[in-house]
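Structure record follows, encoded as structure tokens.
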Amino acid sequence: MSRVQLAMNVADLDEAIVFYSKLFATEPTKVRPRYANFAIIDPPLKLVLIEDANQTPGTLNHLGVEVASTGDVTAAQGRLAADGLVTVLEEQTACCYAVQDKVWVDGPGGEPWEIYTVLADTDMPAGRLRSAAPREAACCATRPDLAGAASGESSCC
């Protein structure tokens, strides 16, 4: 099963969890320091909440599509690349308290999209989450830089 992912920045994680639990009539699937996610059945949605005092609450962190397998990620990467879009593939990446295989692509407004599959749960050191903002920090602290990928540079690690 595939489902769209919406990752939002929030100012107060506890308050956001209470609100979205009521809005979607479901409890979060995973709650960790500065992070929560909901696997909503109806409508099919993966809602991710990221507590970040440096971002405006309610703003987009990133978008995604959760897919069932690494094969689905690989197929999406091939399809996107064949359509002329710049992509960056990440394998066995620790992100959002999970080990994931994923492919990144930027929308026309620079909005980051990931197509990903979750391979396993993991801890994040001191609750440190990756950022979806390009070029925000050093290698592997953010999503890959698609501009570097377009020029053939290594995107990460």
Side-chain angles (χ1 to χ4, degrees), residues 1-80 85 87-134 136-137 140-144 146 155-157:
M1 175 185 110
S2 295
R3 64 177 150 211
V4 171
Q5 172 189 284
L6 170 62
M8 293 180 14
N9 298 309
V10 299
D12 183 320
L13 184 62
D14 293 332
E15 180 180 47
I17 289 171
V18 168
F19 174 80
Y20 288 105
S21 293
K22 291 176 183 178
L23 180 65
F24 292 108
T26 190
E27 294 300 312
T29 304
K30 185 184 294 187
V31 178
R32 302 289 189 272
R34 299 180 33 240
Y35 175 89
N37 78 41
F38 293 76
I40 301 162
I41 295 170
D42 188 20
L45 173 68
K46 179 68 146 288
L47 176 65
V48 177
L49 306 175
I50 299 171
E51 187 175 67
D52 188 344
N54 297 319
Q55 300 295 323
T56 304
T59 58
L60 177 68
N61 185 281
H62 66 281
L63 299 157
V65 177
E66 182 179 25
V67 295
S69 71
T70 296
D72 293 335
V73 172
T74 304
Q77 190 277 332
R79 178 181 58 79
L80 294 168
L85 298 176
T87 64
V88 174
L89 186 64
E90 289 185 302
E91 296 173 309
Q92 302 285 316
T93 297
C95 180
C96 296
Y97 296 96
V99 176
Q100 304 171 355
D101 286 343
K102 62 178 70 185
V103 61
W104 287 99
V105 64
D106 281 347
E111 60 279 8
W113 278 90
E114 64 177 337
I115 299 173
Y116 71 98
T117 191
V118 174
L119 305 172
D121 280 345
T122 191
D123 291 326
M124 301 298 291
R128 185 165 181 244
L129 296 175
R130 291 174 46 151
S131 168
E136 188 171 281
C140 293
T142 67
R143 72 182 178 91
L146 296 180
S155 64
C156 192
C157 299

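Source: prediction; values computed, not measured.
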What distance separates Gln77 CD from Ile115 CD1, expressed to the nearest 0.5 Å? 9.5 Å
For Val48 and Leu6, what are the C-alpha separation, side-chain angles and deciding distance, and is it a side-chain contact (heavy atoms from CB on, under 4.5 Å)? CA-CA 6 Å; Val48 177; Leu6 170 62; over 6 Å; no
Distance in Å, Thr29 OG1 paired with Asn37 CG, rounded so as to fall on 0.5 Å steps: 5.5 Å
Is there a donor-acceptor contact under 3.5 Å from the side chain of Arg34 to the main chain of Ile50? no
Enumerate, atom names and distances included, each donor-acceptor pair closer than 3.5 Å involving a side-chain atom of residues 14-22, sequence neighbours excluded.
{"unit_1": "Ser21", "atom_1": "OG", "unit_2": "Ile17", "atom_2": "O", "d": "2.7"}
{"unit_1": "Ser21", "atom_1": "OG", "unit_2": "Thr26", "atom_2": "O", "d": "3.4"}

For residues Val99 and Thr93, determine if any side-chain heavy atom of one lies less than 4.5 Å from a side-chain heavy atom of the other. no
Within this structure, what is the CH2-CG distance for the pair Trp113 and Leu80, rounded to the nearest 0.5 Å? 11.0 Å
Just verifying a value: how many Å separate Leu119 CG and Gln100 CD, rounded to the nearest 0.5 Å? 8.0 Å
Could you check if a side-chain atom of Tyr97 sits within less than 4.5 angstrom of a side-chain atom of Pro33, using non-hydrogen atoms only? yes
For Val67, does its backbone N or O pair with a side-chain atom of Ser2 as donor and acceptor, under 3.5 Å? no
Applying salt bridge (charged side-chain N to carboxylate O under 4.0 Å, His left out) to Asp121 and not counting sequence neighbours gives Lys30
Only counting residues at least two apart or in another chain, list the ones meeting side-chain contact (heavy atoms from CB on, under 4.5 Å) with Thr56. Thr59
Which residues satisfy the side-chain contact (heavy atoms from CB on, under 4.5 Å) test with Pro108, sequence neighbours excluded? Glu111
Might you point out which heavy atoms bring Asn61 and Pro112 nearest each other, and give the distance in Å? O-CG, 3.8 Å
Aromatic centroids of Phe38 and Phe24 separated by under 6.0 Å: no
Would you please test Leu49 and Leu13 for side-chain contact (heavy atoms from CB on, under 4.5 Å) and show each step? CA-CA 7 Å; Leu49 306 175; Leu13 184 62; 3.9 Å; yes
Where the side chain of Thr122 meets the backbone of Ala94, is there a donor-acceptor pair that is under 3.5 Å apart? no
Checking Asn54 now: which residues fulfil side-chain contact (heavy atoms from CB on, under 4.5 Å) with it, not counting sequence neighbours? Asp52
Using a 6.0 Å cut-off, check whether atom CD1 of Ile41 has over 12 heavy atoms from anything other than its own residue. no
Show me the pairs that pass side chain to side chain donor-acceptor pair (under 3.5 Å) and involve residues 64-75, at least two apart or across chains. Arg3-Glu66, Lys46-Glu66, Ser69-Asp72, Thr70-Asp101
For the atom pair CG (Leu60) and CG (Asn9), what is the distance rounded to the nearest 0.5 Å? 7.5 Å
